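Working notes for the structure below.
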Amino acid sequence: MSLNIKGKKCSVCKEYFFEEEDIVYCPVCGAPHHRECYAKIGHCGLESLHNTENEYKREECTKEFQKNE
């Protein structure tokens, strides 16, 4: 797994992630989901927050952006 999911929960089922699980990331905000959960609802579990100040921001993206400033 390339992104750190330790201590994070799926926004759909609210269960913690484990390294061996099949995790997918929202293409818009980067929020992690269990593949099954994402497929079940057909979109990001945090979709209602997209393009708002409360939008999920993947840590790795934020760190990379800050590093490049």
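These numbers were taken from a predicted model, which means no experiment stands behind them.
A cation-pi geometry, defined here as NZ or CZ lying under 6.0 Å from the six-membered ring centre and within 45° of its normal, does not hold between K8 and F17.
Under the 3.5 Å distance criterion, the side-chain polar atoms of E21 are matched with a main-chain donor or acceptor of F18.
Here H34 contributes atom NE2 and C10 contributes atom SG; the two are 5.5 Å apart, rounded to the nearest 0.5 Å. Taking CD1 of I23 as the start and SG of C37 as the end, the distance is 9.0 Å to the nearest 0.5 Å.
With a 4.5 Å cut-off between side-chain heavy atoms of Ile, Leu, Val, Met, Phe, Trp and Tyr, the cluster of V28 takes in none.
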For residues 38-50, run the donor-acceptor check on the side chains, cut-off 3.5 Å, and write out each pair with its distance to 0.1 Å, sequence neighbours left out.
residue, atom, partner, partner atom, Å
H43, ND1, E47, OE1, 3.4

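Among residue pairs with one or both ends in residues 24-38, those qualifying as salt bridge (Lys or Arg N to Asp or Glu O under 4.0 Å) are D22-R35; sequence neighbours excluded.
Closest heavy-atom contact between K9 and K14: CD-O, 3.3 Å. Closest heavy-atom contact between P32 and Y25: CB-CE2, 3.6 Å.
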